[in-house]
Amino acid sequence: MLLLLTHRIQELVEACSCAPAHPQQLICDSALVIRAKISSEKVVPASDDPLDTHKMIRYEIKQIKMFKGFEKLKDVQYVYTPFDSSLCGVKLEANNKKQYLLTGQILKDGKVFIHLCNYIEPWDDLSLSQKKSLNQRYQMGCGCKITTCYMVPCSITAPNECLWTDWLIERKLYGHQAKHYACIKRSDGTCSWYRGGPPPEKEFIDISEP
């Protein structure tokens with residue numbers, strides 16, 4: 001019995017496990033990307049099923065700007081996340097002051113669902129380059145593949161690939177490359193890291209030297 005209980009606790013602890021991903025990849029994989037303030041929070045049932053004991057946190061938000069998701073939603077009033085952090089629930093400050101970048105998925109019933117594996121950051125923690133990239137630059141690279149380098153050798157295996165080397169260089173994932181670079185597809189179909197305004201061809205840097 002103790003073994004089963006220990007195993008169950010371990011399952012819950014390990015339930016929320018997110019693979020490292022560059023901010024651009026998380027933006028590309030999300031159905032919705034918005035800038036918002038959190039007005040209030042409320043614990044609500046996860047479903048209409050009376051036998052379902054799971055809870056959700058419903059955050060009431062004030063949408064400031066939408067970067068992605070226009071074709072599905074015009075204005076977002078609520079976002080939902082699991083109540084338990086072991087199920088990847090997100091804890092946000094509901095004081096109507098702090099602004100966040102929120103990314104997430106849109107469920108079949110139209111609800112916006114967010115969790116810890118999404119890219120969710122306080123707006124003031126984003127670099128200027130990241131903020132500018134939200135408008136178009138990240139989405140220009142959604143056809144590119146960003147590969148995380150944990151050790152050398154680490155080399156590209158396809159022309160549309162960019163190597164994410166923050167871990168190798170800085171021993172942290174979200175370093176200089178994550179904060180200041182986007183992997184953009186060029187006219188010849190190859191992808192390269194890019195930093196700056198509109199992407200002229202000459203401004204691309206070597207793919208292996210971010």
Side-chain angles (χ1 to χ4, degrees), residues 18-37 61-77 79 81 88 90 99-108 110-149 156-166 173-210:
C18 308
H22 189 276
Q24 174 179 319
Q25 192 65 56
L26 295 172
I27 297 292
C28 289
D29 290 344
S30 297
L32 184 84
V33 180
I34 58 174
R35 176 184 178 184
K37 292 180 181 179
I61 70 167
K62 180 181 179 182
Q63 179 178 304
I64 298 169
K65 184 172 183 178
M66 182 178 288
F67 300 98
K68 186 179 179 182
F70 310 99
E71 69 283 356
K72 294 183 179 179
L73 294 172
K74 299 302 179 191
D75 185 62
V76 180
Q77 187 176 1
V79 296
T81 192
C88 296
V90 181
Q99 296 183 24
Y100 289 92
L101 173 71
L102 302 176
T103 74
Q105 306 305 321
I106 302 171
L107 305 180
K108 289 181 180 179
K111 289 180 180 176
V112 175
F113 183 75
I114 64 173
H115 54 73
L116 285 174
C117 297
N118 295 127
Y119 190 54
I120 296 172
E121 292 286 340
W123 183 257
D124 289 344
D125 288 355
L126 299 176
S127 68
L128 181 61
S129 179
Q130 285 177 311
K131 292 174 181 177
K132 288 183 175 179
S133 294
L134 290 168
N135 284 313
Q136 249 186 335
R137 198 176 303 148
Y138 281 153
Q139 295 181 58
M140 288 170 61
C142 286
C144 298
K145 178 184 177 184
I146 299 176
T147 299
T148 310
C149 290
I156 63 170
T157 57
N160 70 331
E161 191 175 6
C162 289
L163 300 181
W164 183 22
T165 58
D166 277 344
L173 281 171
Y174 298 103
H176 191 76
Q177 200 177 12
K179 285 185 170 293
H180 301 289
Y181 286 88
C183 177
I184 305 296
K185 182 169 283 190
R186 296 189 282 195
S187 56
D188 62 359
T190 62
C191 293
S192 276
W193 290 113
Y194 176 78
R195 177 179 183 172
E201 202 77 8
K202 65 179 180 180
E203 290 293 330
F204 282 92
I205 60 172
D206 187 271
I207 198 164
S208 61
E209 297 179 2

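Residue indices begin at 1 and follow the sequence shown. Worth saying up front: this structure is predicted, and the values here are computed from it rather than measured.
Looking at heavy atoms from C-beta onward, W193 lies in side-chain contact with I146 at the 4.5 angstrom threshold. Proximity of L173 to D166: side-chain heavy atoms (C-beta onward) are nowhere separated by under 4.5 Å. No side-chain heavy atom of D124 sits under 4.5 Å from any side-chain heavy atom of Q99. Residues K72 and V112 are not in side-chain contact: their nearest non-hydrogen atoms beyond the backbone lie 4.5 Å or more apart. Using a 4.5 Å heavy-atom cutoff, the side chains of W164 and C183 are not in contact. Counting heavy atoms from C-beta on, the side chains of I156 and L163 come closer than 4.5 Å. Using a 4.5 Å heavy-atom threshold, the side chains of T103 and D29 count as separate. The side-chain heavy atoms of R186 and S192, taken from C-beta on, include a pair separated by under 4.5 Å.
The two residues Y181 and H176 make their nearest non-hydrogen contact at CE1-CD2, 3.8 Å. Taking both residues in full, the closest heavy atoms of C88 and T81 are given as O-OG1, 4.0 Å, listed atom of the first, atom of the second, then distance.
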**Report entry** Candidate pair V90 and L102, rule side-chain contact (heavy atoms from CB on, under 4.5 Å), full reasoning
**Finding:** CA-CA 11 Å; V90 181; L102 302 176; over 6 Å; no

Requested in this report: Check step by step if side-chain hydrogen bond (donor to acceptor under 3.5 Å, both in side chains) holds for Q130 and Y119.
Outcome: CA-CA 12 Å; Q130 285 177 311; Y119 190 54; 3.0 Å; yes

**Report entry** Chi angles and distances behind the disulfide (SG to SG under 2.5 Å) call for C117, C18
**Finding:** CA-CA 5 Å; C117 297; C18 308; 2.0 Å; yes

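Aromatic ring pairs are classed by plane angle as parallel below 30°, tilted from 30° to 60° and perpendicular above 60°; the pair Y138 and H22 is perpendicular.
No side-chain donor-acceptor contact under 3.5 Å links Q24 and S133.
When atom types are taken as modelled, the side chain of K145 and the backbone of C191 share no donor-acceptor pair closer than 3.5 angstrom. S127 contributes a side-chain N or O that, together with a main-chain N or O of K179, makes up a donor-acceptor pair within less than 3.5 Å. The backbone N or O of T165 lies less than 3.5 Å from a partner atom in the side chain of Q177, making a donor-acceptor pair. Although no hydrogens or angles enter the test, the distance criterion places a donor-acceptor pair under 3.5 Å between the side chain of K74 and the main chain of F70.
In this view, Q105 and S30, A31, N118 satisfy the side chain to side chain contact (heavy atoms under 4.5 Å, CB included) rule, not counting sequence neighbours.
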